[in-house]
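When a ligand or atom number is given, it counts from 1 through the structure's own listing order.
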Amino acid sequence: MSSKCVILVGGGTRGTRFRPLSLDIPKVLFPVAGRPILSHALSALAAVSSIKEVLLIGFYDDSVFKDFLTESAREFPGLSIKYLREYRALGTAGGLYHFRDAILKGNPYRLFVIHADVCCSFPLEEMLKMFEDKEAKAVILGTRVDVASASNFGCIVSEPTTKKVLHYVEKPETYISNLINGGVYLFDRSIFDVIGAARTARLEDSLAMVEEQLGEDDGDDVTETLRLEQDILVRLAQADGFYVYETRGFWRQIKTAGSAVPANSLYLQKLFQTDIDAPGLARASAQIVPPVFIDPTASVDPTAKLGPNVSIGPRARVGPGARIKEAILLEDTEVKHDACVLYSILARGVKVGAWARVEGSPITPAQHSTVVLKNGVRVQSVAILASGVSVKDEVRIENCVVLPHKDITSDVENEIIM
Ligand code: GTP
């Protein structure tokens, strides 16, 4: 029995918190641990034998995924991967409904739906097992977060022994639970009836509104936009057959540009633990503190010290005596001799001068926000240098976001440099 997967990839007008990195590359194609964010989900899907087809649904231009689809077809020969473009942002459930014929083609037995911006261990087999054991209609991935940050997410109240979902509230104003929506769902085809019912209810509401406002006829537009979280999960929780699979594995969201750094660390650690001989993973040595990924086209001086949790992209150059830790260096970056790059992202073509220092601050593994307080000011924990930025020799940059093509010639801290 075959299953399918839809990955919700969003579009150019979303993911604004990922700026300035998303100015060059869509968030879902940004490389963490040496490969695009989306590829990590595809790897997990390819490992599930019943999944044969993956549909990426979003509202980016078709050309955005052209090369990625060609490369993915080569990397995952067992998966048919296609991109379906929404004519505008239809919301996390609107696109599913709009493309329901394409999704249901071939009569898939189960449908995974994945938010492209989650970084996790993707316990898909475990979710499938729970689905069968419970004879469920829907299973949601849940993860625990600290009580203080729970209300930033969709919160799930479940029955402790059966794991049946009793309530679902998106970003509640008061605390209800620290078990949150992990952005991975498994549905049977009845999900389209639930979305259809939510759509009809929305249509009736908007018609009533139009009648009240005498003829402002934008009802159709309003009903096409549906959100999985607010419009659908809340309904599912009111019926039977909705369960939560609580993961003990790692889980993070990739929302802000800075959140690529913890995602990079988590995926590198996973790779290091599961496949120590994976291409690009550097061997531990006096100069390499694993896990470290180095693209084969990059050149790293043997006296530079790297790691842990570092990804070095294509054609990057790292000079003698440089120190790099908890960082992502994209293609064509250069870090000159004795420079230091910590808790940072260097986008394409960034140049860091000799003895310069680019630095963010550490965050705790449990922390789901990439904001830290420094001298009473809220700043990004990760230093982000957008494409083409150049940092002069001996200059220090601390907790700054630098927009593309700036030349930084004197020390800066806790600033956004435009
Ligand atoms: P918040 O997390 O609530 O702040 O909003 P968000 O837009 O960052 O994320 P949301 O939970 O709405 O989106 C989850 C995933 O769905 C992300 O990968 C988005 O890119 C994607 N997504 C959001 N809106 C749409 C949409 O209209 N169409 C499609 N196809 N995907 C979407």
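- Salt bridge Arg315/Glu331: absent, no basic N to carboxylate O contact under 4.0 Å.
- Every pair tested for salt bridge (Lys or Arg N to Asp or Glu O under 4.0 Å) that includes a residue from residues 408-418 fails, sequence neighbours excluded, so the list is empty.
- Of all the heavy atoms of Arg227, none lies under 4.0 Å from any atom of ligand 1, so neither backbone nor side chain is involved.
- Arg227 meets the side-chain contact (heavy atoms from CB on, under 4.5 Å) test with Thr92, Arg202, Glu229, Gln230, Asp231; sequence neighbours excluded.
- Under a 4.0 Å N-O distance rule, the pair Arg88/Glu86 does not qualify as a salt bridge.
- Using a 4.0 Å cut-off between a side-chain N of Lys or Arg and a carboxylate O of Asp or Glu, Asp332 and Arg317 do not qualify as a salt bridge.
- The closest approach between a heavy atom of Gly95 and any atom of ligand 1 is not below 4.0 Å.
- The shortest N or O to N or O distance between Leu8 and ligand 1 is below 3.5 Å.
- Ligand 1 has no nitrogen or oxygen under 3.5 angstrom from a nitrogen or oxygen of Ala89.
- At a 4.0 Å heavy-atom cut-off, ligand 1 touches Glu229 through the side chain alone.
- Under the 4.0 Å criterion applied to side-chain N and carboxylate O atoms, Asp188 and Arg110 are not assigned as salt-bridge partners.
- Considering backbone and side-chain N/O atoms, Gly10 comes within less than 3.5 Å of an N/O atom of ligand 1.
- Within ligand 1, counting atoms from 1 as listed, the ones closer than 4.0 Å to a heavy atom of Gly58 are 30 (N).
- Within the 4.0 Å heavy-atom cutoff, Arg17 counts among the residues contacting ligand 1.
- Those atoms of ligand 1 that come under 4.0 Å of a heavy atom in Leu90, given as number and element, are 27 (O).
- At a threshold of 4.5 Å between non-hydrogen side-chain atoms, the residues Ile191 and Ile232 count as touching.
- Close N/O approach between Lys255 and ligand 1 is found [any backbone or side-chain N/O within under 3.5 Å].
- Between Glu86 and ligand 1, an N or O atom pair is found at a separation short of 3.5 Å.
- By the 4.0 Å N-to-carboxylate-O rule, Lys66 lies too far from Asp62 to be salt-bridged with it.
- Counting the atoms of ligand 1 from 1 in the order shown, those under 4.0 Å from a heavy atom of Val9 are 20 (O).
- Using a 4.0 Å cut-off between charged nitrogen and carboxylate oxygen, Lys270 and Asp275 do not count as a salt-bridge pair.
- Interatomic distance, CG of Leu42 versus CZ of Phe76, reported as 5.0 Å (0.5 Å rounding).
- By heavy-atom distance, the residue among Val113, Ile37, Thr92 lying nearest atom 13 (O) of ligand 1 is Thr92.
- In this structure, Lys171 counts as a contact residue of ligand 1, since one of its heavy atoms falls inside 4.0 Å of the ligand.
- Proximity of Val28 to ligand 1, defined as any heavy-atom pair under 4.0 Å, is not found for any part of the residue.
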